[in-house]
Amino acid sequence: MDGGAARRARQVLVFDADDTLWENNVIFERVIEEFLTWLDHPELGRDGVRALLDEIEAANAAVHGYGSKVFLRSLGECVRRVRRREADEGELARIAGWARAFEADEVELIPGVAETLAELAGRHQLLMLTKGDAAEQRRKVEVSRLAHHFRDVRIVPEKNVGTYQELVRTYALAPSATWMIGNSPKSDILPAREAGLNAVFIPNDNTWVLEHGVLDPADEKVLRLERFAELLRHF
């Protein structure tokens, strides 16, 4: 991909939010580490309980969507599956207490995000596309103080090929001049490419395991960057 050409021509840059603009999954991982220590199952061990929790989360995400409420539901179900009984009042109170981890009045921006978006907004049209619980995502967008950089912020329950096709129709986008930028192969890169958009993959070490996926190394329409600020070299 000719980065210079992309920078000269006005493009539409569509940004994922969680773990692309700000840290998100690291909060879930911290709670999971506390949960595994607390549950302390001698037979399954930490790895066994984590594998079970991943299985439960995948099933619940397919039915109930994403966000901290669904996550806490998954923790309760994991207790039931491991203990082979319903969680008691004390266990439910402990799980409910972890909700506070997701109620902070600020988000931790990825390094370089604020400065990079400010510059890109003067060159290109920016959109934000984030999935999850609508109220939870709106709160994070608000406290991030980034919304003014974007033409629109779109919150969806899931990101699949249909999501990106609808995005193209809604905003009358030209796929060849539109880029989906994110950290998740499963939600950001693969379905966007299938819908005909270009993509920019910026990995995050804390990406949720259920968002992993295999990218085609021969796909020239996927730009791979190490850091968010590198976008300025290409756009």
Side-chain angles (χ1 to χ4, degrees), residues 1-26 104-157 159 163-185 187-193 195-204 206-207 211 220-235:
M1 174 59 59
D2 181 353
R7 180 167 178 166
R8 287 190 298 272
R10 186 171 176 82
Q11 308 283 298
V12 177
L13 307 182
V14 185
F15 288 86
D16 169 52
D18 291 338
D19 297 314
T20 296
L21 301 180
W22 53 72
E23 298 287 3
N24 179 67
N25 195 54
V26 67
D105 57 2
E106 61 182 15
V107 293
E108 180 185 346
L109 296 183
I110 301 290
V113 161
E115 304 90 334
T116 302
L117 288 180
E119 191 163 342
L120 289 175
R123 303 176 185 171
H124 305 285
Q125 180 182 134
L126 310 187
L127 294 169
M128 188 190 301
L129 178 66
T130 178
K131 74 176 183 180
D133 178 81
E136 194 165 16
Q137 294 306 100
R138 280 196 297 269
R139 182 192 63 80
K140 286 186 281 189
V141 171
E142 180 179 354
V143 300
S144 76
R145 298 180 175 85
L146 297 175
H148 64 284
H149 294 303
F150 298 90
R151 171 188 173 185
D152 199 6
V153 174
R154 194 169 182 87
I155 301 172
V156 296
K159 288 180 181 176
T163 305
Y164 291 98
Q165 292 171 336
E166 178 64 23
L167 190 76
V168 169
R169 289 192 294 268
T170 299
Y171 299 100
L173 306 179
S176 62
T178 302
W179 301 73
M180 181 61 205
I181 300 167
N183 68 292
S184 167
S187 294
D188 301 326
I189 310 303
L190 295 173
R193 288 293 299 121
L197 279 64
N198 307 292
V200 181
F201 176 52
I202 309 177
N204 183 317
N206 295 310
T207 296
E211 293 293 336
E220 296 181 351
K221 296 295 183 68
V222 177
L223 178 63
R224 293 167 173 80
L225 303 180
E226 292 298 321
R227 294 178 296 277
F228 194 89
E230 290 179 34
L231 288 165
L232 294 176
R233 294 169 47 196
H234 300 273
F235 300 95

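This chain uses plain numbering: 1 for the first residue, then up along the sequence. Just so it is clear, the structure is predicted and the values come from calculations on it, not from any experiment.
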Please examine the side chains of Asn24 and Lys140, heavy atoms only from C-beta on, and report whether any two atoms are closer than 4.5 Å.
-> yes

Decide yes or no on side-chain contact (heavy atoms from CB on, under 4.5 Å) for Glu23 and Ile110, but give the supporting numbers first.
-> CA-CA 6 Å; Glu23 298 287 3; Ile110 301 290; 3.4 Å; yes

Judged by atom type as modelled, is there a donor-acceptor pair below 3.5 Å linking the side chain of Asp16 to the main-chain atoms of Asp188?
-> no

Between Leu223 and Glu230, is any pair of side-chain heavy atoms under 4.5 Å apart?
-> no

Look up atom CZ in Phe235 and atom CG in Leu126, then write down how far apart they are to the nearest 0.5 Å.
-> 11.0 Å

Return yes when atom CD of Glu166 has more than 12 non-hydrogen atoms of other residues, nucleotides or ligands closer than 6.0 Å, and no otherwise.
-> yes

Find out whether Phe15 and His149 are in side-chain contact, i.e. whether some heavy atom of one side chain is under 4.5 Å from a heavy atom of the other.
-> no

Side-chain touch Val113/Trp22, heavy atoms, less than 4.5 angstrom = no

Heavy-atom closest pair, residues Lys159 and Met180 | NZ-CE, 3.9 Å

Has the side chain of Arg193 got a donor or acceptor atom that lies under 3.5 Å from a matching backbone atom of Ala199?
-> no

Matching residue for Trp179 among Leu197, Val200, Val14, Val12 - test: side chain to side chain contact (heavy atoms under 4.5 Å, CB included) = Val200

Evaluation steps, side-chain contact (heavy atoms from CB on, under 4.5 Å), between Arg138 and Ile155 = CA-CA 8 Å; Arg138 280 196 297 269; Ile155 301 172; 3.4 Å; yes

Asn198 side chain to Thr178 backbone, donor-acceptor under 3.5 Å | yes

Shortest non-hydrogen contact between Pro175 and Gly196, atoms and distance | CB-O, 3.4 Å

Please check if any side-chain donor atom of Asp19 sits under 3.5 Å from a side-chain acceptor atom of Thr207, or the reverse.
-> no

Any side-chain heavy atom of Asn25 sitting closer than 4.5 Å to one from Asp18?
-> no

Which atom pair, heavy atoms only, marks the closest approach of Ala17 to Met128?
-> CB-SD, 4.0 Å

In this structure, CG of Asp152 is separated from OH of Tyr171 (nearest 0.5 Å) by 3.5 Å

Do the non-hydrogen side-chain atoms of Leu129 and Val156 ever get within less than 4.5 Å of each other?
-> yes

Between NE2 on residue His124 and CG on residue Leu13, distance to nearest 0.5 Å | 5.5 Å

Test item: Leu21 and Leu117 side chains (from C-beta on) under 4.5 Å apart, heavy atoms = yes

Of all the heavy-atom pairs spanning Gln125 and Arg151, show the shortest one and how long it is.
-> OE1-NH1, 2.6 Å

More than 12 heavy atoms of other groups within 6.0 Å of Arg145 CZ = no

Value for CD1 (Ile202) from CZ (Arg227), rounded to nearest 0.5 Å, stands at 10.5 Å

Inter-residue atom distance Ser144.OG - Glu108.CD, 0.5 Å rounding = 13.5 Å

Atom of Val153, atom of Phe150 and distance for their closest heavy-atom approach = CG2-CB, 4.4 Å

For Val222 and Phe201, work out which heavy atoms get closest and say how close.
-> CG1-CB, 4.3 Å

Given side chains that start at C-beta, do those of Arg169 and Gln165 come closer than 4.5 Å, heavy atoms only?
-> yes

